[in-house]
Amino acid sequence: MRRRPGISGLQTAAAARDQYRLVGENVAKIRTDLMKEQLATFRSQLEEFAKKHKNDIRKNPTFRSQFHEMCSKIGVDPLASNKGFWAELLGIGDFYYELGVQIVEICLATRSHNGGLINLQELCSLLSQKRKTAREAISEDDCLRAISKLKVLGSGYEVITIGKKKLVRSVPTELNKDHNEILELAQGQGYVTVEEVEKRLSWSSGRAMDALETLLKEGLAMIDDGHKDGKRRYWFPCVASIFSSGGA
């Protein structure tokens, strides 16, 4: 028969486990302290970089985007608050706050036309027109960062991707898979017909009509009955405006 370990043996094993645990905790602490020290060094270097390139960060949208990427890699968010070091040094907190206000104004002004869903490219274009007198040029990245800060408003401000397009939603409307597929299909020419939806998506007439009527009710679609073929067109301003400006 195998002999069971005595009390002294169990105590020795327990002591060994405790010792291993302490060694592991010490190693983990050393690594954590080292990482904190390295991050502190990176942050210090980032501050020096920001001071040196302050004007480039404020005026050059590409440089500003790269600066944000550098910040995110070490856990620094220059947009977290309008107060503190970054806001005082760069003024970018105020910059994105102003951008956010202008985005809201554009979304509200165009909502009756597009139902609260606007193409990101169109939004950026309208924003640039609105800011003609501003010193800072803006990029799509700037728009995306400003929109991300608008989520606190709780009014549905977010960017959604449908097909190859990014659309900015400013109303809390929930789009399901059918709605998204129709919007993606409409990107080809700015509109769809019931017959086209049935053929391209292999849907029944009832399914196509149900989805289109919902989009129409939500203000995302517009009806056009003025065609010789007698087919009703469902136009989608959120994609049609970009399609039309593309000179197709």
Subject >> Expected output: side-chain Ser128 to main-chain Cys124 donor-acceptor under 3.5 Å >> reply: yes

Subject >> Donor-acceptor contact present, side-chain Arg233 to main-chain Gly190, <3.5 Å >> reply: no

Subject >> Non-neighbouring partners of Lys199 that pass side-chain contact (heavy atoms from CB on, under 4.5 Å), sequence neighbours left out >> reply: none

Subject >> Pairs where residues 180-226 contributes a residue and the test ring pair (Phe, Tyr, Trp, His ring centres under 6.0 Å) is met, not counting sequence neighbours >> reply: Tyr191-Trp235

**OP:** Scan residues 158-184 for pairs that pass ring pair (Phe, Tyr, Trp, His ring centres under 6.0 Å), counting only residues two or more places apart or in two chains.
**Re:** none

Original post:
Taking the side chain as C-beta and beyond, is there a heavy-atom pair between Thr193 and Arg232 under 4.5 Å?
Top reply: no

Subject >> Interatomic spacing from CD1 in Ile118 to CG in Leu167 - rounded to 0.5 Å >> reply: 9.5 Å

**OP:** Calculate, to the nearest 0.5 Å, the distance between atoms CG and CD belonging to Leu127 and Glu140 respectively.
**Re:** 12.0 Å

**OP:** Identify, with sequence neighbours excluded, every residue that meets side-chain contact (heavy atoms from CB on, under 4.5 Å) alongside Glu198.
**Re:** Val194, Ser205, Ala208

**OP:** With sequence neighbours excluded, give me every salt bridge (charged side-chain N to carboxylate O under 4.0 Å, His left out) pair touching residues 207-223.
**Re:** Asp178-Arg207

Original post:
Who pairs with Val101 by side-chain contact (heavy atoms from CB on, under 4.5 Å), at least two apart in sequence or on another chain?
Top reply: Tyr97, Glu105

Original post:
Looking at residues at least two apart in the chain, or sitting in another chain, which of them share a side-chain contact (heavy atoms from CB on, under 4.5 Å) with Ser65?
Top reply: Glu69, Asp141

Subject >> Test: Lys165 and Glu184 ion pair at under 4.0 Å >> reply: no

**OP:** Report the residues that fulfil side-chain hydrogen bond (donor to acceptor under 3.5 Å, both in side chains) with Ser139, sequence neighbours left out, ordered by chain and then residue number.
**Re:** Asp142

Original post:
Under the 3.5 angstrom rule, does the side chain of Gln187 hit a backbone N or O of Ile162 as a donor-acceptor pair?
Top reply: yes

**OP:** Applying side-chain hydrogen bond (donor to acceptor under 3.5 Å, both in side chains), name anything that partners Arg200, two or more places apart in sequence or on another chain.
**Re:** none

Subject >> Which residues share a side-chain hydrogen bond (donor to acceptor under 3.5 Å, both in side chains) with Thr110, sequence neighbours left out >> reply: Asn114

Original post:
Under the side-chain hydrogen bond (donor to acceptor under 3.5 Å, both in side chains) test, which residues partner Lys177, sequence neighbours left out?
Top reply: Glu181

